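Naming convention: chains lettered A, B, ... in sequence-line order (proteins, then strands); numbering from 1 in each chain. Because only heavy atoms are used, hydrogens play no part in the values below, and waters and symmetry mates are left out as well, while side chains stay in. Model, not experiment: these values are computed from the prediction.
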Amino acid sequence: MQDIKAILREKAVDSTLTAKGWVRTKRDTKNAIFVELNDGSCFGNLQCVFDANTIGDTVRGQLDRLNTGAACAISGRLVASPAAGQPVELQATSAEVIGEAPVDSYPLQKKAHSLEFLREIAHLRPRTNTFGAVARVRNQMAFAVHSFFQERGFNYVHTPIITASDCEGAGEMFQVTTLDMDAMVKAGKPVDYAKDFFGKKSFLSVSGQLNVETYCMALNKVYTFGPTFRAENSNTTRHLAEFWMIEPEMAFAELPDNMALAEDFIKYLLGWALDKCAEDLDFFDKRIQKGLVQMLDSVRGSTFAHMTYTDAIKQLEQNKDSFEFKPFWGCDLQTEHERFLSETVIKGPVIVTDYPKEIKAFYMRLNDDGKTVRAMDVLVPKIGEIIGGSEREYRHDVLLQRIRDLGLDEAAYWWYLDLRRFGSAPHSGFGLGFERLMRYVTGMENIRDVIPFPRAVKQADF
RNA sequence: UCCCCUGUAGCUCAGCUGGCAGAGCAAGUGGCUGUUAACCACUGGGUCCGUGGUUCAAAUCCGCGCGGGGGAGCCA
């Protein structure tokens, strides 16, 4: 059986076929009954037309039960459509209800629903135009990620999801345990993690970076792409407790190589979306964010601006009246600063580099000035930070000193330091939040609407 | 964690300084040159989030609780 995408693409007029899917809407007139069928294979529906004067009682009985949301099979002959709106349609002769969707209880109606409402019915929202399109684009973007790296000789490395090391340092972690909390509370005894599953306290990983660096020092070009967990109490349109992150890492690569990779990567992904998801992007352009396609297309053909943190601060200081938080050298860039740089100063993506070491992670390569590190953030309009990365500190003594200066537990980093003791080499990488990419590509504002089942503070339904 | 907004029909919302519960869409019925966010007419549809208080009278004012949204911080 052909899916609707193939039927609409091949337009095999005069062929007899059966289409199965879900009813989006049904319209009655005196002489004709129109059923819009969607099977998720593409954005478009197959319009099925029944001649009200010639269909028998059996078909009419089935049509009476075909409400919005019902699953059904419709057979007939494909014809060129006499009306505007669709090149072909199904001249239907039979209809079979496979699964009803009673109108008095099915939550989705043939009208627009708010994204907030649809979030409450996450099990049904993929049946809407918006979330069907999001799902298809998400699928294409995931495939594009692998395609990009595979074409360039990167090896996909599966870094662990559970970690017993407390040294990832990228945020609050979810604890993983098989200990019986209720029993321990009842007994009033202190927790003995030696009795826990791993014999020590363990967590869900907040980043695969430290682990993937080990493979980078063996295979050179590597990347991870998997779920990541942060137990931050953050409630925003751009944070999730469970999200997917892509982290490439390259050996013998310095910051400029890293910046070039990030730029190529973003442009490749946008180009892929434009090429493979045109129909879905048209919808986002029309209903979600006007001008989206044109914006993506112009970014695809652009050259990303580069700016050091020091220059960025100078730019911000010249416009300090527009900010709630006054910028100064050494301050962390606020969201309003990041957006000003990409939206007003550059009017497009910008890579900011060489941040003060105090506001960046311990593993970033220290510059010769002793004050800044070779960090880079890719900032894009509307979204803000979409990529964060750096050249890594590969000098053993410098890294060790950084760990000590920050009061970190150097014993916990023994294997990470070993990478710098044996065959160390400059290397660089970055992290791209997959859902932030999805927000950028689709124009969807809330990150909870670009992942099938969002996990956030006080939200783990479905 | 902090700040702001919000909760009324299936959905989106209006309901003013307290005085009979409303609209659009959806649904049902009927109509209608092939419609496409169909159209026209009629009809049904309510624990005004919960709880306590003020009052002759509370959807409306006040306290508490719960839910939703936006912003900030943290970051991807």
Side-chain angles (χ1 to χ4, degrees), chain A residues 24-37 44-53 64 67-69 79 81-86 89 91 102-121 128-129 168-172 206-209 224-225 227-247 262 286-287 324-325 332-339 359-361 377-380 383-389 430-440 445-449 451 456-459 461:
Chain A
R24 276 294 165 80
T25 171
K26 184 173 67 173
R27 293 180 293 273
D28 280 286
T29 68
K30 189 175 189 179
N31 298 315
I33 298 156
F34 299 87
V35 174
E36 296 268 354
L37 202 62
N45 303 321
L46 178 64
Q47 175 165 277
C48 307
V49 189
F50 295 83
D51 184 338
N53 302 310
D64 286 343
N67 305 306
T68 298
V79 298
S81 179
Q86 57 284 316
E89 65 187 26
Q91 197 76 57
V103 290
D104 54 356
S105 53
Y106 184 61
L108 293 175
Q109 305 163 353
K110 56 178 203 179
K111 69 183 284 292
H113 288 290
S114 68
L115 297 173
E116 291 80 7
F117 172 67
L118 294 172
R119 244 169 256 156
E120 293 167 10
I121 48 168
T128 63
N129 283 337
E168 295 181 352
E172 292 297 312
V206 295
S207 165
Q209 184 202 314
T224 72
F225 183 9
T228 308
F229 306 89
R230 306 252 169 112
E232 304 286 350
N233 186 10
S234 55
N235 207 316
T236 75
T237 56
R238 56 187 187 283
H239 290 86
L240 289 167
E242 176 184 296
F243 63 100
W244 288 65
M245 185 155 65
I246 299 134
E247 295 172 290
K286 210 174 294 167
R287 294 295 170 91
E324 189 181 342
F325 294 92
D332 213 346
L333 293 184
Q334 306 289 318
T335 299
E336 58 177 344
H337 300 151
E338 295 181 341
R339 292 190 59 167
I359 58 173
K360 287 292 180 183
D377 284 355
V378 180
L379 312 178
V380 299
I383 309 291
E385 182 181 344
I386 195 168
I387 279 179
F430 60 79
L432 169 78
F434 188 58
E435 286 74 20
R436 291 196 178 169
L437 168 76
M438 283 295 298
R439 290 213 302 147
Y440 193 42
E445 291 197 349
N446 196 314
I447 200 165
R448 296 170 195 207
D449 294 333
I451 188 168
V457 184
K458 299 261 160 53
Q459 184 174 40
D461 296 328

Any side-chain heavy atom of A:Asn31 sitting closer than 4.5 Å to one from A:Asn53? yes

A:Asn235 side-chain N/O to B:rC2 phosphate OP1/OP2 under 4.0 Å: no

Is A:Arg119 close enough to B:rG69 that one of its side-chain N or O atoms is under 4.0 Å from OP1 or OP2 there? yes

Does a side-chain N or O from A:Thr228 land closer than 4.0 Å to OP1 or OP2 of B:rA76, or not? no

Contact class for A:Asp104 (heavy atom, under 4.0 Å): base, sugar-phosphate, or nothing? nothing

Distance check, C1' atoms only: B:rG46 and B:rC4, in whole angstrom units. 30 Å

Can you tell me if the side-chain N/O atoms of A:Thr29 get under 4.0 Å from OP1 or OP2 in B:rG34? yes

Note: for A:Asn67 and A:Gln47 on RNA chain B, the residue whose nearest nucleotide lies more 5' is A:Asn67

Rounded to whole angstroms, how far apart are CZ on A:Arg230 and P on B:rG73? 17 Å

Within less than 4.0 Å of OP1 or OP2 of B:rG31, is there a side-chain N or O belonging to A:Lys30? no

Give a yes/no on whether any side-chain N or O of A:Ser234 is located under 4.0 angstrom from OP1 or OP2 of B:rC74. no

Does the side-chain ring of A:Phe243 lie flat on the base of B:rA76, meaning centres under 5.5 Å and planes less than 30 degrees apart? yes

Whole-Å distance separating the CH2 atom of A:Trp244 from the P atom of B:rC75: 24 Å

